[in-house]
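This report concerns only the one structure given below.
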Amino acid sequence: MFYCSNPACSHPFNPDNSKFCQSCGSQGLNPLFRNRYRVIRLLGEGGFGRTYEAVDTDRMDDSCVIKQFVPQFQGTSALEKAAELFKQEAKRLYELGEHPQIPRLIAYFEQDKRLYLVQELIEGQTLLAELTQQGVFSEEKIWQLLADVLPILKFVHDRNVIHRDIKLENIIRRRTSVSSSLPKAGNFRNSAFRRGGRGELVLIDFGVSKQVTGSLMSKVGTTVGTPGYSPMEQMRGQVFPGSDLYSLGITCLRLLTQCLPKADGSDDLYDPINGGWIWRERLPAGTKISSELANVLDKLIQDYLKNRYQSADEVIKALNLYSLPPQPHCANGRQLALNSFRTKGGQLAINTPLNQNGQINSNISVNPREKSNTNPPLNKGVPRVAAVKSTFEFQVVTVNKRGKTTNVNSGKARFFEEHLGNSTVLEMVSVPGGTFLMGSPGDRGDSDEKPQHPVTLASFYIGKFQVTQAQWTAVAALPEVKIFLNPHAARFKGANRPVENVSWYEAVEFCARLSRKTGKRYRLPSEAEWEYACRGETTGPFHFGETITSDLANYNGNSNYAEAPKGVYRFQTTDVGSFKPNAFGLYDFHGNVWEWCADSWHNNYNGAPADGSVWESDGDSSLRLLRGGSWNDHPPNCRSACRLRYQPDCKASIVGFRVVVSVV
């Protein structure tokens with residue numbers, strides 16, 4: 001089938017071998033754009049030209065989108081200017097496309113005096129289609145939306161780009177999340193951004209033509225955007241990061257109420273007489289929205305820019321989201337400027353279940369029979385013990401790739417209790433020395449988990465659990481060594497829950513205070529010590545076997561691994577020790593919260609120490625290691641070998657730590 005590229009052609013499809021278009025008479029028809037892209041169908045058209053779905057014949061007919069830009073003016077100088085601006089914009093889109101939730105730019109070119117962009121095709125449906133099919137969004141889904149989209153906006157705004165058209169139609173939910181399965185070995189693009197279980201929502205339509213047209217026409221007050229979503233300053237021709245945040249707020253309100261702008265310009269969500277959004281009155285009967293979310297939405301949609309949030313980061317902090325912003329890329333051991341948001345995956349804390357009073361539900365109970373292994377709450381008396389060594393017994397579960405239990409063994413481990421004050425103890429378990437293979441084999445895992453290499457470690461003691469909030473509070477009350485510690489840092493409250501929202505620096509301060517109190521040298525584990533302790537003398541992706549289930553760990557159970565079924569997504573942390581331990585008697589290495597390690601970041605294991613010591617040399621000290629995954633992560637991120645990097649001042653509700661002390 002030959003396709004006519006004339007944007008004015010009403011019937012552009014022509015039979016094979018046609019010499020001219022049977023509809024408009026244009027000559028020089030070609031079955032391929034740029035001898036590479038075959039048009040499948042027309043997706044849409046407007047004043048800028050047309051958008052096509054196509055396939056890339058150079059990439060095994062991989063699906064893509066072609067955007068045709070036709071300037072609405074004449075003249076050689078204007079066209080040359082358009083081509084130059086188009087090139088600059090294409091470069092910007094290329095850089096933005098490195099983010100996994102922005103369609104990747106494949107190519108830009110000029111053909112027949114018309115400009116074209118070729119971008120990644122996102123398989124899925126828009127939020128408008130989802131709203132139409134499934135009805136109003138719950139508060140939990142709005143949290144998820146904000147957790148997914150705010151870091152994208154932070155990423156974009158940090159690069160001095162304003163989207164200018166945030167709305168339901170321009171946010172697509174992927175049919176398959178990029179983080180739901182392991183990437184192919186060596187695929188840096190996927191592996192570099194998939195940590196954190198995010199990537200379901202994608203922001204599209206960055207409007208190259210809008211920016212080019214606006215620049216060329218040089219009109220003060222040229223409006224770009226969609227009525228019913230755009231703020232006052234944008235309708236007058238000026239945009240700021242807060243303009244996008246306003247549109248995001250309105251998008252949330254429309255999802256909560258299903259009130260959409262009408263064709264005649266009227267809007268049931270807006271009161272034109274009193275001049276304000278009346279979204280609360282339009283909520284479905286019986287719907288309750290927490291004051292935490294409601295206050296943020298109200299501030300997002302303020303008419304005057306000065307009264308709104310000025311950055312995506314301000315909104316993220318106001319909502320106390322969550323996981324990591326996307327991590328920076330690393331090249332040649334140094335950090336590149338991706339300073340806003342990221343994860344090596346990174347994600348955000350989201351979908352917080354609320355009780356009837358609109359508060360975070362902190363009463364999750366998981367496998368209560370296992371609670372005997374957890375640290376006692378603050379209000380229970382514990383004998384004052386300095387360092388009495390003893391043993392405890394436990395059961396170790398092994399499952400097959402379908403998640404079915406195939407073996408249950410009994411285990412025994414040595415430990416001692418460190419008294420912290422306030423009737424709180426820290427249990428430290430003895431890990432015997434030995435040799436193991438660190439990382440992933442050549443046919444599995446990510447490039448930063450290789451090469452797999454032997455490491456021999458001496459014995460050491462490590463926390464039986466992730467540091468709890470009771471333990472954190474007790475140590476935070478000790479005299480300061482270098483920095484202040486907030487005794488109530490965690491978002492998800494509970495004495496036996498892991499502390500989170502603590503930076504690497506704060507974890508180091510915790511160790512310093514504990515060391516000064518006890519006379520022992522407490523510290524963060526090296527990355528090798530962490531993985532050795534996590535594996536518990538196993539070699540598979542998880543210490544309990546070839547897969548993970550929500551009966552075994554706290555993670556995002558909306559995705560599965562291997563042949564195991566999907567499970568429960570709890571949306572928050574659980575008490576430490578709620579699940580079965582590994583063969584060393586250690587708990588919660590897979591999921592719950594990511595755990596800080598002491599090492600600097602290295603892109604791979606070339607040159608890694610073979611004795612399990614902390615690896616600082618030739619690394620990027622501006623980035624530190626996180627291991628283990630979290631309550632918000634998909635299964636691949638919770639593997640024993642999975643690695644995450646981020647700045648040491650990062651705080652997130654998916655990040656905690658555990659401590660190590662060497663055998664004296």
Side-chain angles (χ1 to χ4, degrees), residues 292 311 313-325 327 339-341 348-349 360 362 375 377-379 418-426 428 463 465-525 572-573 576 592-601 614 616 621-627 630 644-661:
E292 181 182 15
S311 69
D313 194 51
E314 285 188 16
V315 191
I316 288 172
K317 291 178 180 177
L319 288 170
N320 196 21
L321 293 172
Y322 49 112
S323 82
L324 306 176
Q327 304 173 62
N339 52 1
S340 55
F341 110 165
L348 299 290
I360 294 175
S362 61
N375 290 8
L378 283 171
N379 59 358
E418 193 77 78
H419 182 75
L420 304 180
N422 294 328
S423 301
T424 302
V425 296
L426 173 68
M428 300 296 294
F465 311 111
Q466 296 153 340
V467 171
T468 66
Q469 293 173 40
Q471 294 162 354
W472 175 267
T473 300
V475 173
L478 296 175
E480 179 178 313
V481 176
K482 288 187 176 180
I483 62 174
F484 168 77
L485 294 181
N486 176 8
H488 309 294
R491 177 188 181 194
F492 302 113
K493 304 301 182 184
N496 273 351
R497 292 195 184 200
V499 68
E500 16 87 4
N501 269 331
V502 295
S503 70
W504 184 86
Y505 294 120
E506 290 171 327
V508 170
E509 173 72 14
F510 178 97
C511 294
R513 295 190 190 188
L514 186 56
S515 297
R516 188 163 62 180
K517 171 182 170 61
T518 64
K520 302 181 181 71
R521 183 173 174 268
Y522 280 94
R523 56 183 173 80
L524 293 177
Q572 54 188 302
T573 58
V576 298
N592 217 15
V593 290
W594 287 94
E595 300 180 23
W596 286 114
C597 293
D599 310 58
S600 295
W601 171 256
V614 175
E616 285 281 4
S621 59
S622 69
L623 298 170
R624 296 289 169 173
L625 265 297
L626 287 161
R627 288 298 211 108
S630 76
L644 175 68
R645 64 181 184 268
Y646 208 67
Q647 287 92 341
D649 59 353
C650 165
K651 297 182 182 182
S653 65
I654 59 167
V655 174
F657 68 103
R658 73 178 76 211
V659 296
V660 160
V661 65

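Values below: all heavy atoms of this structure, side chains included; hydrogens, waters and symmetry mates excluded. In this text the structure is predicted, and so the values were computed from the model without any measurement.
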Are any side-chain N or O atoms of [X] and backbone N or O atoms of [Y], one a donor and one an acceptor, separated by less than 3.5 Å?
X: T468; Y: R497; result: no
X: R516; Y: P479; result: yes
X: R645; Y: W601; result: no
X: T473; Y: P487; result: yes
X: E509; Y: K482; result: yes
X: E500; Y: F492; result: yes
X: R491; Y: S653; result: no

Heavy-atom pair of closest approach, residues [X] and [Y]:
X: W594; Y: S630; value: CD1-CB, 3.7 Å
X: V660; Y: P525; value: CG2-CB, 3.4 Å
X: C597; Y: W504; value: O-NE1, 2.9 Å
X: N592; Y: Q466; value: ND2-OE1, 3.3 Å

How far does [atom1] of [X] sit from [atom2] of [Y], to the nearest 0.5 angstrom?
X: C650; Y: L644; atom1: SG; atom2: CG; answer: 8.5 Å
X: Q469; Y: N496; atom1: CD; atom2: CG; answer: 9.0 Å
X: E616; Y: S600; atom1: CD; atom2: OG; answer: 3.5 Å

Applying ring-ring contact (aromatic ring centres under 6.0 Å, His included), can you list everything that pairs with Y522, at least two apart in sequence or on another chain?
none
Quick check: do R513 and L485 have side-chain heavy atoms less than 4.5 Å from each other?
yes
With a 4.0 Å cut-off on N to O distance, would you call E595 and R624 a salt bridge?
no
